[in-house]
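Protein chains get the first letters and strands the later ones, always in sequence-line order, with residue 1 at the start of each.
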Protein chains: 2
Amino acid sequence: MITLTEENYIKAIYHLASNGEKTVNTNAIAAVMQTKASSVTDMIKKLSEKSYVDYKKYQGATLTDDGKRVAVNIIRKHRLWEVFLVEKLNFSWDEVHEVAEHLEHIKSDKLIDELDALLEFPSHDPHGDPIPDKEGNFKHIEKIMLAKAEAGSTYKCVGVDDTSSKFLKYLDSNSIALGTIITIKHKEPYDNSVKIAFENTEIVVSQNVAKNIYLKKV
Amino acid sequence: MITLTEENYIKAIYHLASNGEKTVNTNAIAAVMQTKASSVTDMIKKLSEKSYVDYKKYQGATLTDDGKRVAVNIIRKHRLWEVFLVEKLNFSWDEVHEVAEHLEHIKSDKLIDELDALLEFPSHDPHGDPIPDKEGNFKHIEKIMLAKAEAGSTYKCVGVDDTSSKFLKYLDSNSIALGTIITIKHKEPYDNSVKIAFENTEIVVSQNVAKNIYLKKV
DNA sequence: AAATAATTTTAGATTAGTCTAAAAATATTT
DNA sequence: AAATATTTTTAGACTAATCTAAAATTATTT
Ligand SMILES: [Mn+2]
Ligand SMILES: [Mn+2]
Ligand SMILES: [Mn+2]
Ligand SMILES: [Mn+2]
């Protein structure tokens, strides 16, 4: 039996390990979990005893295969629920995350398999993130940061890195959504801002924005 | 802020109060919650401090208006999720309760309002129980126990009292469902069993079964 | 009305998850 | 290589929810 809190720690460790190096340190987990390092140490010990993480004192933690399996399953549930909220319940992409944080912990294989079927087995969530299948396999997609795109080329918007409500609303207000076809007009060396064109519009986005949008060549 | 456990206690008190007298005693709650009387006392004190129940030592508990509001809201969520599971995710009526027990605690007004809309504002759940609206109003339906139905009359099956998987599967195996039109053929005084007819079938049901099926005259 | 039985509450522990403050280990600077 | 800074762990305490065992209260019998 695994608790909701344990699931959240495992998910946090998984995300921290995939965005960078492999062993995850205590403070990083504490930051993500909005808790103190001492609480993290306690939890890591517990997860270690339950064989979800490998842990040596002062050396950080890594997920075991079991731990990864748990993490991927929660991510699958989280992203399927996000699709459900957008496709069936008229949520916008900046509203889904919070509710999905709770729904992801509901334990029922039938529930999630049927939800998957209802949604017609979506491959990506509303933010462009891949949804692992039942066996935990991700459909990897070729994507590059807008900040690294070539001037003159045309791309399709396929994802975002920052999924905060603030950023997503910024994109909404500028009519940028998943699927939007974008041409890179100019890369400004001075501040790394990028001028982009799409649907009769031309706008300049800051480097910060450019680093948080993922594109795929078309 | 209200915890999941508090919500479950409030719901238990609500159900116990509606099935019978008005003040609910400690042992009854303990039985429903599958816990010990001493734990119930602690929780009642807590709920009393939070003004969800009125409580005097040794005198049992009653829900305040606030407590009732919480209970009805959880029941609304529980039943809407049950409808969702049956209508959209191919669950059978004996599979929904357990999952709904968890889903009912997800806190999001938009979630539940949109779910209500997706399901086209159902008035009853898969077991024939009424679903309160946003304001907490139940649509009361006229119904009588099969055990109290008149011989010779014809009725529609509109609900069940026992919602255990065992009982619902018994009904499935005998092709009795909500909406089934049933004629009372004979009431056997010896053991209070009832011979009923529906869809070219005649069967005899025990008193126990007859007390757990609700009918409406047609 | 006493005695007995049943119910409810209290007292004291336990577990999960958290915290603060201090100690220990590791990493970085000088 | 010492000194200093940072990170991590330990120690001890707290809250929520639970338990067992004993005490207090209420209900039922005799
Ligand atoms: Mn999310
Ligand atoms: Mn997402
Ligand atoms: Mn139910
Ligand atoms: Mn029901």
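Counted by atom type alone, A:His97 and A:His127 present zero donor-acceptor pairs between their side chains at under 3.5 Å.
A salt bridge links A:Arg69 with A:Asp66: the distance from a Lys NZ or Arg NE/NH1/NH2 to an Asp or Glu carboxylate oxygen falls below 4.0 Å. B:Asp116 has a carboxylate O that lies under 4.0 Å from a charged side-chain N of B:Arg76, or vice versa, which qualifies the two as a salt bridge.
Nucleic acid contact for A:Thr5: sugar-phosphate only, since backbone atoms but no base atoms lie under 4.0 Å from a heavy atom of the residue. Nucleic acid contact for A:Thr41: base, since at least one base atom lies under 4.0 Å from a heavy atom of the residue.
In this structure, the CG atom of B:Asn27 is 12 Å from the C1' atom of C:dT9, given to the nearest Å. The separation between A:Lys45 atom NZ and D:dT10 atom C1' is 7 Å, rounded to whole Å. A:Met1 places its CE atom 13 Å from the P atom of C:dT15, with the value rounded to the nearest Å. One atom, CE of A:Met33, and another, C1' of D:dT8, lie 18 Å apart when rounded to the nearest Å. For the pair B:Asn25 CG and C:dA6 P, the computed distance is 15 Å after rounding to whole Å. Taking atom CD of B:Glu6 as the reference point, atom P of D:dT18 lies 10 Å away to the nearest angstrom. Rounded to whole angstrom, the span from the CD1 atom of A:Ile29 across to the C1' atom of D:dT8 amounts to 12 Å. For A:Ile44 and D:dT7, the CD1 to C1' distance is 12 Å, given to the nearest whole Å.
Annotation: cation-pi pair A:Lys216/A:Tyr155 absent, no NZ/CZ under 6.0 Å from the ring centroid and within 45° of its normal. Cation-pi check for A:Lys68 over A:Tyr14 is not met; the charged atom does not lie both under 6.0 angstrom from the ring centroid and within 45 degrees of its normal.
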Exercise. Between protein and nucleotides 20-27 of chain C, map the contacts as a letter string: B base, S sugar-phosphate only, - none, heavy atoms under 4.0 Å, written 5' to 3'.
Key: B---BSS-
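For the salt bridge (Lys or Arg N to Asp or Glu O under 4.0 Å) with B:Glu101, the qualifying choice from B:Lys77, B:Arg79, B:Lys11 is B:Lys11, the only one to do so.
The side chain of B:Tyr55 places no N or O atom within less than 4.0 Å of a non-bridging phosphate oxygen (OP1 or OP2) of C:dT8. Of the side-chain N and O atoms in B:Tyr9, one or more sit less than 4.0 angstrom from OP1 or OP2 of D:dT18.
Using cut-offs of 30° and 60° for the angle between ring planes, the A:Phe167 and A:Tyr170 rings count as parallel.
Residue B:Thr26 has its side chain nearest to C:dT8 when only D:dT18, C:dT8, D:dT9 are considered.
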